[in-house]
Amino acid sequence: MGALLKFLKDIFDMFLFGTSAQGKDRRELKELENRLKEITPPIIKNGMVQPSLAEAMYHLWVQLAPIHEILESTIAGNDTWISLRCIDYLFYSGFSPEGRELYETLFSEKRKQLLSEAESYEKERETHRRLLEKLLRELNTPEFKAVERIICQLGTLYDLCRFNYISFLRCFDSDFTGEDPSYSPRFQQCLAVELVSNLLDFYYISSTLELSPSLVSAIIALVSKKTGDVPSEEEQNSITNRFKTIAYLLKKKLDPGTLLLLLRYLKKDTRLTPASAKIDKPFLEDYRDRLQIRYLADSKNIETEIQDEQLEQQIQELFPGKKMVSLGGYNAETNDFLKATTAYSFFWITPLQVIKTYIRVYFSESVQTLLNTLMVEGYYNNQSFQSQFSTIVHHCIKTASAFETFEKSFGDQGENNLAHLKHCIQNSHNGNEFCRKAEEMVNHMNQQAKSLVQTEAKHFYELSVKLTELLADSKRPTPEYISNIRMLISAAKNREKFECLEKQQPFMLKFLEIMKNYAIIGNTV
């Protein structure tokens, strides 16, 4: 009986639509329309799209709103470093218990403690390098590929949250704005042509979204990362139930199959295959790179911190009862910002502070005046010594201005523009060029700081050598370098200054002993 009915139907369609390709298209469109009419509640009637579609879309929008807020404040927001920390947090969940123990050893204060207490710093550092290789091998396991897929799906979910629901719903209710929570939409049927663009966008996003228990767990984990605490059972149940509603709407009301039928019908194209979103960013590869970059940055930071801590007692002895002077721009405050938002750091803060503080405390104006007096009023027996001494004194006196120039470079018009650096860091989500620029700027700052430390430490070492020779020369019956040096230092205007210089000489030696840890200078002073 069924075969007979189909035969009769085919004969009827042939007479009604004909046998041409055009007739075939008309038959297929009619079949599409009939299939759409079978959907309950109906979404097409007399060629008009019915309010039931808008109601489903409205309920989806309402359910997604809290999820949108969670994603935007964590993994999908404009703050790149918050986003990256959330991604790293999700990847961390893929480690085995052994992997997590390795991670905590390599990326916590424990590593610094192990290096500080090790009998051999180099052997301990090599042990840590092998542990890192072992940790990175675990990233090749299926667990991490699964986490990467979830992160990709979170991106698709965020795109679904950002879909222009207001524009879509206004086709059914022109008064709807989405801004008034008390407003109850009054959806009416609408012309199909008004919806095609929005439906194509929605299909593009929703057709590849996979709502799984793992995705729900990831959302709960992001809430935990955001608040710093595990959500209560009630909060977790609320998120889970919300996703159940979202899944129902996407599978029963707005499923890709139904949307495809509707789009083909609206576009009058039975072979239409709309595009679908594909998020295949190398999140896992990027995570591997970040771990290695962070490890190397931490290595340098730990080395710097340990060195600074080992020298702390010597620095206190050099400046008893005094606090070291901070620099503008290149300082602990900026460094804290860098470490909180990037993998970059400043490595020369302490030696620069030591030099700047030394100049302020010991290389006073009166000492500089005495040195100028020796240069100008001294009767030199050795012109080569005179030239060397004058050049060295000139360099040391210019140290303060060299520091001032370096600090000014961090201003708005400077080559190390700190505001521009922060702008690059905060906008690195807009492209890798911002990340590269930020890295280049920090590397340049560190290179300039290193050069400043090396240059000025060398100048003061050379000054110390010359002063040691002149102090000895002043005690000889017949001075070798400056014939009238004893007359100069015994003059009323210079006597107190010279005594001060003599008393400060041991502190200069302490200063240089500290600087040998940061700069290449002579072994003896």
Side-chain angles (χ1 to χ4, degrees), residues 53-54 56-91 145-171 178 195-223 225-226 239 242-260 262-263 272-284 286-287 427-432:
L53 186 66
M57 197 69 78
Y58 174 76
H59 289 307
L60 179 64
W61 175 63
V62 170
Q63 292 297 322
L64 283 172
I67 306 301
H68 188 185
E69 192 278 329
I70 292 170
L71 292 171
E72 197 148 74
S73 61
T74 55
I75 198 169
N78 288 333
D79 191 318
T80 304
W81 302 107
I82 289 178
S83 175
L84 288 177
R85 282 198 289 272
C86 289
I87 290 173
D88 292 353
Y89 182 73
L90 294 177
F91 273 124
K145 281 294 182 184
V147 175
E148 185 176 45
R149 286 194 296 272
I150 290 299
I151 294 172
C152 288
Q153 285 296 306
L154 286 170
T156 304
L157 178 61
Y158 180 61
D159 288 340
L160 187 68
C161 292
R162 292 196 302 163
F163 173 73
N164 195 345
Y165 293 93
I166 306 301
S167 174
F168 183 91
L169 296 173
R170 282 177 62 83
C171 295
L195 295 175
V196 173
S197 178
N198 279 325
L199 280 175
L200 283 170
D201 290 344
F202 187 82
Y203 181 89
Y204 177 83
I205 300 167
S206 65
S207 59
T208 57
L209 180 62
E210 300 172 10
L211 295 178
S212 64
S214 296
L215 190 67
V216 179
S217 297
I219 292 292
I220 293 172
L222 290 175
V223 174
K225 178 64 175 174
K226 176 185 176 182
I239 292 172
R242 186 173 295 279
F243 267 95
K244 287 179 179 178
T245 303
I246 293 169
Y248 170 79
L249 290 168
L250 291 175
K251 290 179 181 179
K252 301 296 184 182
K253 304 286 187 179
L254 300 165
D255 62 288
T258 298
L259 294 177
L260 182 59
L262 182 58
L263 281 166
L272 175 68
T273 304
S276 296
K278 291 182 180 178
I279 297 181
D280 53 358
K281 293 181 180 179
F283 289 108
L284 184 54
D286 291 346
Y287 178 63
N427 288 275
S428 55
H429 63 281
N430 288 327
N432 289 332

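On a predicted model such as this, the values are computed, not experimentally measured, just so you know. Index from 1, following the sequence.
Using the six-membered ring where Trp is involved, Phe202 and Phe163 have ring planes that are perpendicular, over 60° apart on the 30 and 60° scheme. By the 30° and 60° cut-offs, the orientation of the rings of Tyr58 relative to Trp61 is tilted.
A 4.5 Å side-chain heavy-atom check between Lys225 and Thr74 finds every atom pair outside the cut-off. A heavy-atom distance below 4.5 Å is found between the side chains of Phe91 and Ile87.
Atom OH of residue Tyr165 and atom NE2 of residue His68 lie 10.0 Å apart, to the nearest 0.5 angstrom. The OG1 atom of Thr245 sits 4.5 Å away from the CD atom of Gln63 when rounded to the nearest 0.5 Å. Taken from OH in Tyr203 to OG1 in Thr273, the straight-line distance is 7.5 Å, to the nearest 0.5 Å. We find the CD1-SG distance between Ile246 and Cys161 to be 7.0 Å, quoted to the nearest 0.5 Å. One finds the OG1 atom of Thr258 at 8.5 Å from the CG atom of Leu254 (value rounded to the nearest 0.5 Å). For the atom pair CG (Leu200) and CG (Leu272), the distance works out to 7.0 Å, reported to the nearest 0.5 Å.
Minimum interatomic distance between Ile150 and Ala218 (heavy atoms only, all atoms of both residues): CG2-CB, 3.7 Å. The minimum heavy-atom distance between Leu222 and Cys86, with the atom names listed, is CD2-CB, 3.8 Å. The shortest heavy-atom contact between Pro256 and Ser207 is CG-CA, 3.9 Å. When all heavy atoms of Glu148 and Pro282 are compared, the pair lying nearest together is OE2-C, 3.6 Å.
Under the side chain to side chain contact (heavy atoms under 4.5 Å, CB included) criterion, Glu69 pairs with Ser73, Lys226, not counting sequence neighbours. Partners of Lys251 according to the salt bridge (Lys or Arg N to Asp or Glu O under 4.0 Å) rule, which considers only residues two or more places apart in sequence or in another chain, do not exist here. Considering only residues two or more places apart in sequence or on other chains, Arg162 meets the side-chain hydrogen bond (donor to acceptor under 3.5 Å, both in side chains) condition with Asp159.
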(message) One pair to check against side-chain contact (heavy atoms from CB on, under 4.5 Å): Leu53 and Phe168. What are the steps and the verdict?
(response) CA-CA 10 Å; Leu53 186 66; Phe168 183 91; 3.8 Å; yes
(message) Test side-chain contact (heavy atoms from CB on, under 4.5 Å) on Phe283 and Val147; report intermediate values, then the result.
(response) CA-CA 9 Å; Phe283 289 108; Val147 175; over 6 Å; no
(request) Step by step, work out the side-chain contact (heavy atoms from CB on, under 4.5 Å) result for Asp201 and Asn164. (result) CA-CA 9 Å; Asp201 290 344; Asn164 195 345; over 6 Å; no
(request) Determine, stepwise, if the pair Phe243 / Leu157 fulfils side-chain contact (heavy atoms from CB on, under 4.5 Å). (result) CA-CA 11 Å; Phe243 267 95; Leu157 178 61; 3.8 Å; yes
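Between the Ser217 side chain and the Pro213 main chain, a donor and an acceptor come within less than 3.5 Å of each other. Within the 3.5 Å criterion, the main-chain N or O of Glu210 finds a donor-acceptor partner in the side chain of Gln153. Here the side chain of Thr208 pairs a donor or acceptor atom with the backbone of Ala277 at under 3.5 angstrom.
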